[in-house]
Amino acid sequence: MSSEMVRVRFAPSPTGYLHIGGARTALFNWLLARRFSGGKFVLRIEDTDRNRHVEDSVDKILEDLRWLGLQWDEGPEVGGDYGPYYQSERLETYRKYVQALVDKGDAYYTFDTPEELERMREEARRAKTNFRYPRPERFATAEEVEAARSEGRPGVVRFKMPGEAITVNDEILGEVTLEADELEDFVIQKGDGWPTYHMACVVDDALMKITHVLRGQEHLMNTPKHIAIQRALGFTTPKYAHLPIIFNMSGSKMSKRDKEKAEKRGELPPEIDVFDFRVGGYLPEALRNFISLLGWSTGDNEEQLTLEETVNRFAVSDIGRSNAKFDRDKLLSFNRDWSGRVSEERLLESFKDYLAVNGSGMRRLDDALLGRVLRLCEGFRTFRDVVNKVGFAFAGDEEIVFDAKAVKKVLFKNEGAGFAILAQLAESLVAVGDWEAGRLEECLACVCDREKVKLGAVAQPLRVALSGTAVSPAIYDTLELVGREGTLRRIKRALALKDQPQ
RNA sequence: GGCCCCUUCGUCUAGUGGCCUAGGACACCGGCUUUUCAUGCCGGCAACACGGGUUCGAGUCCCGUAGGGGUCACCA
């Protein structure tokens, strides 16, 4: 790629949170801009469909992008020389270009109703032929358009496709040619006077001096249309690169439907939007690294790269052509590795973000304690795992629910040996001097010695008493976290289980 | 259905005619470490969709078949 100024854009529609597929598209564009000095990453909001507009979604998308570390050089909140960056604020511009096309005879008004169009399509379906919009013999004159408008029939504007094959020179897929008879006259201005995606997109890409368009492969069939408009308007065609699509492990497109389905089954809904991963306890570093490897690779055996390393190695020519399935297990593994790689400060910051976003009660703990918790849980996969593992230490005694299996196995087994140890422990622990891990270790060692048992025989009953389950961080640290009073109360509470029917 | 794209372990991928007895990562299986859960370390299983060509030689090039996907809106 030449050293000419690279200008790329990410152009989401404000219909909800940032989807994981969109995030990958944004990332690749961002990487391309950063790869070349002077490169610019433009963010443009494609809000030309008022019906689909979702309140606050622009803010959410901006937040998701920033969370991933993808700051834009031009766009909402930061401005730029080619704004406005909301298409809804550029209506006059689109109208001007549409009019220019109409004046040149490259586009024309038509007045079919949606019902009429549907009827024509239905007929084609019945005849098992492909529907192509039949271009009228003669285009409406300016007077006829005006007359129709005054009757309340504004009509739509259709682009007159040149009767020739169009070849897309895709940076990833190579040459893709569509024959003339595959291309129909499509709508560029809707009945409400707003442009369609095709028109707005082409005009903006030209006016914003976009040099490379990296977008999902679902746009491939749109590209000949865009090229046709560019030619009619005298715009240069940017370089196109159509990215492979990201699927679920099931092979279906990752969609919000999956979330609804899982919820109905009472399962934990799968993460689909970037925000889901944030709430799920993932590090943006891990998610970003993982999605960069969907459709792209370094060419050697290195996978876990920092953003900077990714920038330095990224090349459009290394992007693959086949669709990829989103393997959550591998993401989980990446997240575990990244949790061990980032600085303590970064990890703490991210953990606090997780607690805040989830409204967890642990968000009120101080940094030192939170940092300690993180260290105790080293090897965790997500922040959710951390909270699952140590949350009990910060919960009220009455919130501790005893896991029946753990109670049976650890406390009742061997004629209630666990209960016996617990009773012993209660006495010994009262006498511990400083309530800190070192002293506690000595105390437990002493009990083991006296009772002639292994540490496990002491630690497990204690763990069940403190957490209700057989899982917790190292037992000394766990004791320290729960505190002397809490520990004694919980042991007492566990001892009460002995007399309850199993 | 028309058109278009794709096809290497279960998954993400390396591989651009001989370096491939096909490499890595995740998952999985086994072992070691360990007071629990994890982590960590060591080892193992596992793929060129199929059929024809081209070539001394094909995962790599060509054609076909099959399979998967995208797209056929006054959505983007």
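Computed from a predicted model, the values in this text were never measured in an experiment. Numbered from 1 within each chain, the chains take letters A, B, ... in sequence-line order.
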Under 4.0 Å, heavy atoms only, any strand: does [X] hit a base, just the sugar-phosphate, or nothing?
X       : value
R321(A) : sugar-phosphate
Y476(A) : base
G320(A) : nothing
P473(A) : base
A474(A) : base
R158(A) : sugar-phosphate
V176(A) : sugar-phosphate
K454(A) : nothing
T298(A) : nothing
S472(A) : base
H198(A) : base
D385(A) : nothing
A324(A) : sugar-phosphate
N222(A) : base

Which of these nucleotides, [options], is closest to any side-chain atom of [X]?
X       : options                   : result
D49(A)  : rG70(B), rU35(B), rA76(B) : rA76(B)
P114(A) : rC74(B), rU36(B), rC5(B)  : rC74(B)
N130(A) : rG70(B), rG1(B), rC74(B)  : rG1(B)
K253(A) : rA76(B), rU36(B), rU71(B) : rU71(B)

Could you tell me how far apart [X] ([atom1]) and [N] ([atom2]) are, to the nearest whole angstrom?
X       : N       : atom1 : atom2 : answer
E122(A) : rA73(B) : CD    : P     : 13 Å
E182(A) : rC3(B)  : CD    : C1'   : 4 Å
I319(A) : rA14(B) : CD1   : P     : 12 Å
N248(A) : rG10(B) : CG    : P     : 19 Å
F290(A) : rC12(B) : CZ    : P     : 9 Å
F159(A) : rA73(B) : CZ    : C1'   : 18 Å

* What about K325(A): does its side chain form a donor-acceptor pair under 3.5 Å with the base of rC12(B)? ->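 Looking at the base of rC12(B), it does not pair with any donor or acceptor on the side chain of K325(A) (distance under 3.5 Å).
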* Considering only heavy atoms and no angle criterion, is a donor-acceptor pair shorter than 3.5 Å present between the side chain of N323(A) and the base of rG68(B)? ->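 Looking at the base of rG68(B), it does not pair with any donor or acceptor on the side chain of N323(A) (distance under 3.5 Å).
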* Using heavy atoms to find the nearest nucleotide of RNA chain B for L294(A) and G191(A) separately, return the residue whose nucleotide is more 5′. =>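 By nearest-heavy-atom nucleotide position, the 5'-most residue is L294(A).
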* Asked: Would you say the ring centroid of F28(A) lies under 6.0 angstrom from that of H212(A)?
  ->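 F28(A) vs H212(A): aromatic centres not under 6.0 Å.
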* Verify whether the ring centers belonging to W296(A) and F314(A) lie closer than 6.0 Å. =>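 Yes, they do, as the ring centres are separated by less than 6.0 Å.
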Salt-bridge criterion met for [X] and [Y] (N-O under 4.0 Å):
X       : Y       : value
R119(A) : E116(A) : no
E122(A) : R126(A) : yes
R313(A) : D300(A) : yes

* To do: Anything under 30° is parallel, anything over 60° is perpendicular, the rest tilted; go ahead and classify F334(A) against F290(A).
  =>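 Because their plane-to-plane angle is over 60°, the rings of F334(A) and F290(A) count as perpendicular.
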For nucleotides [N] and [M], find the distance between their [atom1] atoms and express it as a whole number of Å.
N       : M       : atom1 : answer
rU34(B) : rA49(B) : P     : 46 Å
rU11(B) : rC50(B) : C1'   : 22 Å
rU7(B)  : rC61(B) : P     : 10 Å
rG69(B) : rG53(B) : C1'   : 28 Å

* Could you run down nucleotides 19-34 of chain B 5' to 3' and tag each one B, S or - for protein heavy-atom contact under 4.0 Å? -> ----BBBBS-------
Side-chain donor-acceptor contacts of residues 12-19 of chain A below 3.5 Å, not counting sequence neighbours, with atom names and distances?
unit_1, atom_1, unit_2, atom_2, d
S13(A), OG, E46(A), O, 3.1
H19(A), ND1, G21(A), N, 2.9
H19(A), NE2, M254(A), O, 2.7

* Asked: CD/E309(A) to CG/N289(A) distance, rounded to the nearest 0.5 angstrom?
  ->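 Answer for the CD-CG pair, E309(A) versus N289(A), is 9.0 Å.
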* **Within 45° cone of F111(A) ring axis and under 6.0 Å: R153(A) NZ or CZ** =>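 Cation-pi check for R153(A) and F111(A): passes.
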* To do: Compute both the distance and the angle, then confirm whether R288(A) meets the cation-pi test with W338(A): under 6.0 Å from the six-membered ring centre, within 45 degrees of the axis.
  =>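 Pair R288(A)/W338(A) counts as cation-pi.
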